[in-house]
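Positions are given from 1 along the sequence. These numbers come from the heavy atoms of this one structure, side chains and all, not from hydrogens, waters or symmetry mates. Read the numbers this way: they start at 1 and go in the same order the structure lists the ligands and their atoms.
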Amino acid sequence: MSKEDKYTAEKITELRTWTPHLFSFKLTRFSGYRFVPGQFARLGLKKEDGSIVWRAYSIVSASYDEFLEFFSIVVPGGEFTSRLAELEVGDEVLVEKLNYGFLTTSRFEQGKDLWMLATGTGLAPFISILQELDTWEDYENIVLAYSVRESNELAYLDTIEGLKQHEYFGDFAHKLKFVPIVTRENIDGMLSERIPVLLENGELERAVGIKLDAVRSRIMICGNPEMIDDTRKWFVDNGYTISRRSKPGHLALENLW
Ligand code: NAP
């Protein structure tokens, strides 16, 4: 396979700015591009010297959308994200034809409650998973806990809220317990501690009204690598196991950077 066969050149069709450091973008989608919700793509940007810099990006959009959508932070001075943040509609982004990752519900067997725990842009794969009918049919309860530093960083609230009116998922939307968490502001009625703390003190369970339980609960974690380590440790210490390809367990994890 030549280098060019490994990727396609796509165009930015839409940009959405959430904060000066957070934005989303849509790309045209190569008709042969397939992925399972929860997986990530590898995106490439050409540098002035002709070399390409690649980064992994979880896919926000649904498996059936005609576009690919991604959610990005701008890392100050970052080789990829600062370049990406300067692009405009019509500009080119390379997309590897292969997709990657195991943060998919197929990792699990026999769960009743799906817990999705995200920090920052780690929300991305869960938006894709929430747009899949199987997710809504397979689980009795779906918890989405989404932790950011400041409330203006809470992205995709319109999409999450919009699930209630959604043509296909509206009938199931009562299953979703959405818990936004803002850690660096005190907002009345909103949780403000880090996810592992909220697990340890039981506040997350109280907020959603569902008990974590290894028989029923299947847990997906995505975002800040330290949050993933700390959260995984809490679950493992409490008797949960990580899903392996050969042996389904309770936990599936994806480090974002
Ligand atoms: P972040 O530091 O990841 O914080 C987002 C949320 O995660 C906050 O609620 C934060 O709580 C919480 N958190 C952080 N560490 C945690 C831990 N160990 N356990 C539990 N929760 C934890 O913030 P961000 O704005 O999304 O990203 C911050 C930095 O990450 C950026 O400046 C960037 O350098 C880097 N980043 C890099 C990439 C990349 O692709 N290279 C991608 C994303 C982010 P607190 O408020 O208590 O910290």
Side-chain angles (χ1 to χ4, degrees), residues 16-25 38-45 47 52-60 68-87 93-96 100-101 103 115-127 143-157 160 178-187 189-205 207 212 219-238 240 251 253-257:
R16 181 170 182 181
T17 302
W18 304 100
T19 72
H21 299 289
L22 282 176
F23 66 102
S24 294
F25 57 100
Q39 286 193 306
F40 60 87
R42 279 173 52 80
L43 304 184
L45 294 178
K47 299 207 304 192
I52 303 172
V53 43
W54 293 96
R55 286 289 180 279
Y57 268 86
S58 289
I59 303 167
V60 174
L68 289 176
E69 182 169 348
F70 302 95
F71 179 28
S72 185
I73 190 162
V74 185
V75 182
E79 190 184 25
F80 190 92
T81 60
S82 326
R83 205 176 286 269
L84 185 68
E86 283 171 11
L87 297 183
V93 177
L94 308 176
V95 182
E96 253 196 43
Y100 300 86
L103 189 74
W115 292 71
M116 300 187 286
L117 310 179
T119 58
T121 51
L123 175 72
F126 300 141
I127 297 294
V143 176
L144 174 61
Y146 170 30
S147 173
V148 296
R149 295 176 179 190
E150 294 174 8
S151 55
N152 66 348
E153 295 167 339
L154 287 169
Y156 289 99
L157 297 184
I160 296 165
F178 175 50
V179 187
I181 302 162
V182 175
T183 46
R184 300 195 188 187
E185 281 174 53
N186 272 321
I187 300 175
M190 204 177 274
L191 296 179
S192 61
E193 280 166 305
R194 289 180 165 191
I195 288 171
V197 176
L198 296 171
L199 289 168
E200 181 59 25
N201 65 19
E203 274 193 56
L204 185 58
E205 286 169 302
L212 276 159
I219 300 111
M220 306 181 107
I221 312 172
C222 187
N224 185 316
E226 286 169 16
M227 177 280 283
I228 291 177
D229 284 349
D230 296 348
T231 310
R232 176 187 45 212
K233 187 172 180 320
W234 187 86
F235 278 106
V236 170
D237 288 349
N238 284 277
Y240 296 77
L251 299 174
L253 324 159
E254 194 74 77
N255 263 358
L256 264 200
W257 67 93

With heavy atoms under 4.0 Å as the rule, classify the contact between Val148 and ligand 1 as side chain, backbone, both or neither.
backbone
Return the residue, atom name and 0.1 Å-rounded distance of the protein heavy atom closest to atom 30 (O) of ligand 1.
Trp257 CZ2, 3.2 Å
Taking atom 24 (P) of ligand 1 as the reference point, the nearest protein heavy atom with its distance:
Ile73 CD1, 3.7 Å
How far is atom 34 (O) of ligand 1 from the closest protein heavy atom, and which atom is that?
Val75 CG1, 3.7 Å
Close side-chain approach of Phe235 and Trp115, heavy atoms under 4.5 Å:
no
How far is atom 23 (O) of ligand 1 from the closest protein heavy atom, and which atom is that?
Arg149 NE, 3.1 Å
Which protein non-hydrogen atom lies closest to atom 6 (C) of ligand 1, naming both residue and atom, and how far is it?
Ser147 O, 3.4 Å
Nearest non-hydrogen protein atom to atom 14 (C) of ligand 1, with distance, is Asn224 ND2, 3.3 Å
Tyr146 side chain vs Phe178 backbone, donor-acceptor pair below 3.5 Å
no
Indicate the atoms forming the closest heavy-atom contact of Arg83 with Val53, along with that distance.
NE-CG1, 4.4 Å
Within the side chain of Ser58, is there an N or O that forms a donor-acceptor pair under 3.5 Å with the backbone of Ala124?
no
Using a 3.5 Å cut-off on N or O atoms only, is Thr121 in polar contact with ligand 1?
no
In chain order, what residues pass the side chain to side chain contact (heavy atoms under 4.5 Å, CB included) check against Ser192, with sequence neighbours excluded?
Asn186
Side-chain donor/acceptor of Thr183 to backbone N/O of Glu193, under 3.5 Å
no
Residue, atom and distance of the protein heavy atom nearest atom 18 (N) of ligand 1 read Asp230 OD2, 3.0 Å
Thr81 side chain vs Val75 backbone, donor-acceptor pair below 3.5 Å:
yes
Scanning both residues in full, the closest heavy-atom pair of Phe71 with Gly120 reads CE2-O, 3.9 Å
Per-atom contacts, ligand 1 versus Arg184 - under 4.0 Å to a heavy atom
45 (P), 46 (O), 48 (O)
Which ligand 1 atoms, with their elements, are less than 4.0 angstrom from a heavy-atom of Met227?
16 (C), 17 (C), 18 (N), 19 (N), 20 (C), 21 (N), 22 (C)
Applying a 4.0 Å heavy-atom criterion (strictly less than), which segment of Pro196 is in contact with ligand 1: side chain, backbone, both, or neither?
side chain
Please could you name the atoms of ligand 1 that Thr183 approaches to less than 4.0 Å, counting only its heavy atoms?
8 (C), 9 (O), 10 (C), 11 (O), 45 (P), 46 (O), 47 (O)
With heavy atoms of Gly120 as the reference, note each atom of ligand 1 found under 4.0 Å away.
26 (O)
Test your reading of the model: is there a side-chain donor-acceptor pair from Glu203 to the backbone of Leu198, 3.5 Å cut-off?
no
Around atom 13 (N) of ligand 1, find the nearest protein heavy atom and jot down its residue, atom name and distance.
Arg194 NE, 3.8 Å
May I have all residue pairs that pass salt bridge (charged side-chain N to carboxylate O under 4.0 Å, His left out) and include part of residues 219-233, sequence neighbours excluded?
Asp229-Arg232, Lys233-Asp237
